[in-house]
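The basis for the numbers below is simple: all heavy atoms, side chains too, and nothing from hydrogens, waters or symmetry mates. Note that the structure is predicted; figures quoted are calculated from it, not measured. By convention here, the first residue in the shown sequence is residue 1.
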Amino acid sequence: LDLTNPGNANKLSVAWEYHTGDSGQIQCNPIIVNGVLYGMTAMATPFALDAATGKEIWKGTSEGPDFFNTSRGLSYWEDGEDMRILYTRGAWLYALDARNGRHITSFGDSGRVSLKAGLGETSEDKMVISNTPGTVYEDLIVMPLRLSEGTDAALGYVQAFNIRTGKLAWVFHTIPHPGEFGYDTWPKEVYKNTSGVGAANNWSGMSVDRKRGILYVPTGSAAYDFYGASREGSNLFANCLLALDAKTGKRIWHFQFVHHDILDRDAPAPPNLVTVTHNGKKID
């Protein structure tokens, strides 16, 4: 059947369907690895199906109530026979055995780590979740964060976790600390997250150049939104595209799209990495 011919559209039929057993918005973009489809239900429960038949291989369990349940997907990592699914629910990053859906208890605290691990004490009572899958580079997973956009916003630092152990590997301060590049683009005390200013987070996901080991991170605006008197300056690294060393989190370069954003003009998607052939020469 020629699927490029619109006239054949009425000849298509449903091959299989899978009922998740819950309700709500399914925002997940499933992934397929070695003939297995991995996805997330509307209530953020992971599952694995035979991609050819739709037959359920395993389905995870709910880890408890969460008022932000939507999930846009999950991440996959493998090293030989060690195959893992990583996903989030609430303020937690979980690791499962991709073959059976069981928690990998050697990862963090019995199979999970807190997304607040590298954000400091002020994040403890604040909303920190992740709707978007983390980006995998070698043995690391780098996590996007969704935060409040009000005066109760946590700090939107970029955090990398070791996939084998769950330990925090590195943190990039999107609101710089004293002595760090960009610190002088904010009021002096803002980095403490005690004056109602926070965020500058990546929420939309990231791109990675595995050949060069460069992670590209788009960031959103600083919070709170629509008012900038409490954060005079250009506010690096809010509203930026960051290029970071994927192994260490060190800044390579940045480009700020909006200086001192007061209109919530977030970068809404990761960049596309492309190779262009010009005059017979490939340019990455």
Sidechain-backbone polar pair: N235 side chain, A238 backbone, donor-acceptor under 3.5 Å: no

F172 reachable from L115 in the ILVMFWY side-chain graph, under 4.5 Å edges: no

Whether K59 side chain and L49 backbone form a donor-acceptor pair below 3.5 Å: no

Check: K167 and F161 side chains under 4.5 Å, non-hydrogen atoms: no

A200 backbone acceptor or donor facing T174 side chain under 3.5 Å: yes

N34 atom CG, neighbour heavy-atom count above 12 within 6.0 Å: no

Side chain to side chain donor-acceptor pair (under 3.5 Å) evaluation trace for Y191 with E189: CA-CA 6 Å; Y191 77 97; E189 301 295 312; 5.4 Å; no

Whether T88 side chain and W92 backbone form a donor-acceptor pair below 3.5 Å: no

H177 atom NE2, over 12 foreign heavy atoms within 6.0 Å: yes

Nearest-0.5 Å distance that lies between atom CD1 in I104 and atom OH in Y94: 14.5 Å

Donor-acceptor under 3.5 Å (N162 side chain, T165 main chain): yes

Side-chain heavy atoms of L241 within contact of W253, under 4.5 Å: yes

S207 side chain vs P271 backbone, donor-acceptor pair below 3.5 Å: yes

N/O donor-acceptor pair under 3.5 Å between R164 side chain and D139 backbone: no

Y38/Y87 aromatic ring centres below 6.0 Å: no

Polar side-chain atom of N239 near backbone of P218 as donor-acceptor pair, under 3.5 Å: no

Side chain to side chain donor-acceptor pair (under 3.5 Å) evaluation trace for W203 with D266: CA-CA 9 Å; W203 57 267; D266 292 4; 2.9 Å; yes

Over 12 non-hydrogen atoms of neighbours within 6.0 angstrom of CZ in R212: yes

Common cluster, I129/V142, ILVMFWY with side-chain heavy-atom separation under 4.5 Å: no

From CA spacing to verdict: ring-ring contact (aromatic ring centres under 6.0 Å, His included), Y18, F47: CA-CA 11 Å; Y18 173 68; F47 61 86; 5.0 Å; yes

F237 backbone acceptor or donor facing T219 side chain under 3.5 Å: yes

Residues N131 and R146: side-chain donor-acceptor under 3.5 angstrom: yes

Side-chain (R99) to main-chain (E81) donor-acceptor, under 3.5 angstrom: yes

Centroid-centroid under 6.0 Å between F257 and F255 rings: yes

E78 atom CD, neighbour heavy-atom count above 12 within 6.0 Å: yes

Neighbour count above 12 (heavy atom, 6.0 Å) for D125 CG: no

Side-chain donor-acceptor contact under 3.5 Å, Y224 with E149: no

Side-chain heavy-atom pair S75, I141 within 4.5 angstrom cut-off: yes

Donor-acceptor side-chain pairing of H254 and Q256 below 3.5 angstrom: no

Neighbour count >12 (heavy atoms, 6.0 Å) for atom OH, Y227: no

